[in-house]
Amino acid sequence: MAELVLAIDIGNSTTTIALFGPDGKPAFRSDTATRRNTTRDQFAIVLKGIFDLYHADLTAIGGAVISSVVPSVTHAASASVELLTGKPPMMMSPGLKTGLNIKSDIHTQMGGDIVACSVAAIDKYPSPVIVIDMGTAITMSFLRGNVYEGCVIMPGVRLALEALSERAAALPHISITPPPSIFGHNTVDAMRAGVLYGNASMVDGMIGRLEEEAGISSAAVVATGGNAPDVLKYCKRDILYDADLLMNGLYLIYRKNTEGKGGRKI
């Protein structure tokens with residue numbers, strides 16, 4: 001029987017933890033706040049608590065893979081996984097087999113989260129495909145076959161909203177909730193309309209520009225990330241939402257590197 005695989009993605013705002021069963025499907029997925037000053041034991045306590053919450057057995061884990069864009073948390077997470085499972089996790093880093101042919105000037109600058117999303121997208125969706133990850137930052141990657149052509153990076157929805165509130169003294173801090181109309185009749189509704197319709201228009205526009213630059217009429221478009229559901233409902237383009245894209249990509253990369261499957265290196 002295939003082993004259970006633990007996948008962890010440490011993002012700037014959220015850390016996602018998923019356990020994949022023998023069938024390659026997530027047995028559970030959990031999101032927790034990223035704590036930048038966490039220690040090995042603190043991370044282990046959180047991880048153990050999540051496994052207890054979902055009635056999962058840590059001792060049944062056959063292997064683990066970690067992607068992180070927060071260096072201060074990376075070592076603590078890796079050490080906690082080894083503490084709890086007795087096995088060092090696979091770390092997303094240059095040298096792993098991914099199956100991607102990445103067009104990049106400096107491969108080490110490519111985030112593991114972007115690589116994982118791309119691997120899952122080419123496995124699941126038709127080519128060419130644009131992959132949008134809406135987290136602290138918004139990244140939009142263009143893939144043609146197994147070739148990673150490049151990406152654009154923009155401020156995320158909440159990051160932009162926080163910057164607006166902090167820099168403009170008269171504008172309040174607000175939550176991201178749908179406005180009654182695109183026509184804001186007060187400051188709060190005007191800000192909500194601006195951030196939601198504005199980001200949706202930006203996404204629609206960037207999709208068109210990427211397609212134009214690639215010389216194609218249309219591409220498949222898939223989005224993931226915590227802020228995606230808030231924005232996608234206002235987009236005019238047909239965009240699929242895949243909440244598990246990144247975690248599925250981590251699982252696929254783990255398999256590529258432990259089962260001897262083909263794939264070109266990062």
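For reference, positions follow the sequence shown, starting with 1.
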Can you spot which of T258, V81, V5 makes a side chain to side chain contact (heavy atoms under 4.5 Å, CB included) with M90?
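Result: among T258, V81, V5, T258 is the only option passing the side chain to side chain contact (heavy atoms under 4.5 Å, CB included) with M90.
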Answer whether the closest heavy-atom distance between the side chains of [X] and [Y] falls below 4.5 Å.
{"X": "F20", "Y": "M247", "result": "yes"}
{"X": "T74", "Y": "M91", "result": "yes"}
{"X": "D238", "Y": "V221", "result": "no"}
{"X": "L19", "Y": "F51", "result": "yes"}
{"X": "N37", "Y": "Q42", "result": "no"}
{"X": "F142", "Y": "R144", "result": "yes"}
{"X": "Y148", "Y": "T98", "result": "no"}

Taking all non-hydrogen atoms of both residues into account, name the closest pair between [X] and [Y] and its distance.
{"X": "Y54", "Y": "R29", "result": "OH-O, 3.5 Å"}
{"X": "P179", "Y": "L196", "result": "CD-CD1, 3.8 Å"}
{"X": "V65", "Y": "L250", "result": "CG1-O, 3.7 Å"}
{"X": "G63", "Y": "Y254", "result": "CA-OH, 3.2 Å"}

Whether D230 and R158 form a salt bridge (side-chain N of Lys/Arg under 4.0 Å from carboxylate O of Asp/Glu) is what I want to check.
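Looking at R158 and D230, the cut-off is met.
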Should the pair K87-E3 be classified as a salt bridge under the 4.0 Å nitrogen-to-oxygen rule?
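Looking at K87 and E3, the cut-off is not met.
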Listed partners of R35 passing side-chain hydrogen bond (donor to acceptor under 3.5 Å, both in side chains), at least two apart:
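R35 satisfies side-chain hydrogen bond (donor to acceptor under 3.5 Å, both in side chains) with no other residue.
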Going by the rule side-chain hydrogen bond (donor to acceptor under 3.5 Å, both in side chains), which residues pair with S78 if we only count those two or more places apart in sequence or in a different chain?
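None.
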Would you tell me whether T16 and D31 have side-chain atoms, one donor and one acceptor, within less than 3.5 Å of each other?
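A pair is found: one side chain offers a donor N or O, the other an acceptor, under 3.5 Å apart.
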Is it the case that over 12 heavy atoms from other parts of the model lie below 6.0 angstrom from the [atom1] atom of [X]?
{"X": "E213", "atom1": "CD", "result": "no"}
{"X": "K25", "atom1": "NZ", "result": "no"}
{"X": "L83", "atom1": "CG", "result": "yes"}

